[in-house]
Amino acid sequence: MEVLTDFPERLMPGTKVFVGPSHRSMVIAGTRSHSEGLLIKFDHVDNPEEAGRCRNQMVYVTTSDRPPLPEGQYYEHQVIGFSVIDDDSGVSIGSLSGIMRTGANDIYVVARPGGGEVLLPVIASVVLSIDAQSRTIHVHLLPGLVEDAET
């Protein structure tokens, strides 16, 4: 298993997970480190053919099983759809439609109301605040960023 979670300690025997697009309910029976990931044994999966059906599948947990994050941090699904507000003008430039992962910092993908998108680096000088109550993200736009994205 390639481990994509920031909380790999949750993947322990007895943990209920959901496998693949059908979200097949399964329980982890055992784990051990392997290369850069984990080898997983599921309860009631006792032969290579059954195990093969789990290969190359996403593994999910329920939202209620996710650990709480520190104040000011959010899971991606919690902020998608938030309105992105230019802090200087107070005007919405669009809504957060995705988050790209890069080596240096994440990039917010903001869908513009008239089409197109703006890419914003998730750094303190650009992303000023996130307000979960009002579902807004206040940003400081770098000169030319929005105009360049529209052309």
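The analysis underlying the following values was restricted to heavy atoms, covering all of them including side chains, and did not include hydrogens, waters or symmetry mates.
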message: Quick check: do Asp88 and Leu141 have side-chain heavy atoms less than 4.5 Å from each other?
response: no

query: Which distance, rounded to the nearest 0.5 Å, do you find between the CD of Glu36 and the CE of Met1?
result: 15.5 Å

- prompt: Which heavy-atom pair separates Tyr60 from Gly20 by the least distance, and what is that distance?
  reply: CE1-O, 3.6 Å

- prompt: By side chain to side chain donor-acceptor pair (under 3.5 Å), which residues pair with Arg55, not counting sequence neighbours?
  reply: none

Heavy-atom neighbours of His44 NE2 exceed 12 at 6.0 Å: no

- prompt: If two hydrophobic side chains count as joined below 4.5 Å and joins carry through other members, does Leu39 share a cluster with Val17?
  reply: no

message: Any non-hydrogen side-chain atom of Leu119 less than 4.5 Å from a side-chain atom of Tyr108?
response: no

field: Joint hydrophobic cluster, Tyr75 plus Val61, side-chain heavy atoms closer than 4.5 Å
entry: no

task: Apply side chain to side chain contact (heavy atoms under 4.5 Å, CB included) to the pair Lys41 and Asp46, showing each step before the final yes or no.
output: CA-CA 9 Å; Lys41 163 82 171 94; Asp46 300 316; 3.3 Å; yes

field: Residue pair Leu4 / Glu2, side-chain heavy-atom distance below 4.5 Å
entry: yes

message: Please find the pair of heavy atoms, one from Pro121 and one from Val127, that lie closest to each other, and give the distance.
response: O-CG2, 3.9 Å

task: Can you measure from CD (Gln73) to CD1 (Ile130) and round to the nearest 0.5 angstrom?
output: 10.0 Å

- line: Taking every heavy atom of Thr31 against every heavy atom of Leu11, the minimum-distance pair comes out as CG2-O, 3.5 Å

Arg101, CZ atom: more than 12 neighbouring heavy atoms under 6.0 Å: yes

- prompt: Do His140 and Ser125 come within less than 4.5 Å of each other through their side chains, counting heavy atoms only?
  reply: no

message: Could you see if Val79 belongs to whatever hydrophobic cluster contains Ile123? Use Ile, Leu, Val, Met, Phe, Trp, Tyr and a side-chain cutoff under 4.5 Å.
response: yes

- line: Nearest heavy-atom contact between Pro13 and Gly30 is CG-CA, 4.0 Å

task: With the side chain counted from C-beta on, respond yes when Phe82 and Asp131 share a heavy-atom pair under 4.5 Å apart, and no when they do not.
output: no

- prompt: Going from CG on Leu96 to CD on Glu76, what distance comes out if it is rounded to the nearest 0.5 angstrom?
  reply: 8.0 Å

query: Is there a side-chain contact between Ile28 and Phe42, using heavy atoms and a 4.5 Å cut-off?
result: yes

From Asp86 atom CG to Leu128 atom CG, the distance as rounded to the nearest 0.5 Å: 9.5 Å

message: Just checking Asn47: does its CG atom have more than 12 heavy atoms from other residues, nucleotides or ligands closer to it than 6.0 angstrom?
response: yes

task: Identify the two heavy atoms, one from Val45 and one from Ala51, that lie closest to each other, and give their separation to 0.1 Å.
output: CG1-N, 3.5 Å

field: Donor-acceptor pair, side chain of Arg112 and main chain of Ile93, under 3.5 angstrom
entry: yes

query: Distance-only, no hydrogens or angles: does the Gln57 side chain make a donor-acceptor pair with backbone N or O of Cys54 under 3.5 Å?
result: no

- prompt: Looking only at heavy atoms, which two atoms of Pro113 and Gly94 are closest? And how far apart?
  reply: CD-CA, 4.0 Å

message: Tell me if the CZ atom of Arg135 is crowded by more than 12 foreign heavy atoms within 6.0 Å.
response: yes

statement: Distance col, row Ser83:OG vs Ile137:CD1, nearest 0.5 angstrom, shows 8.5 Å

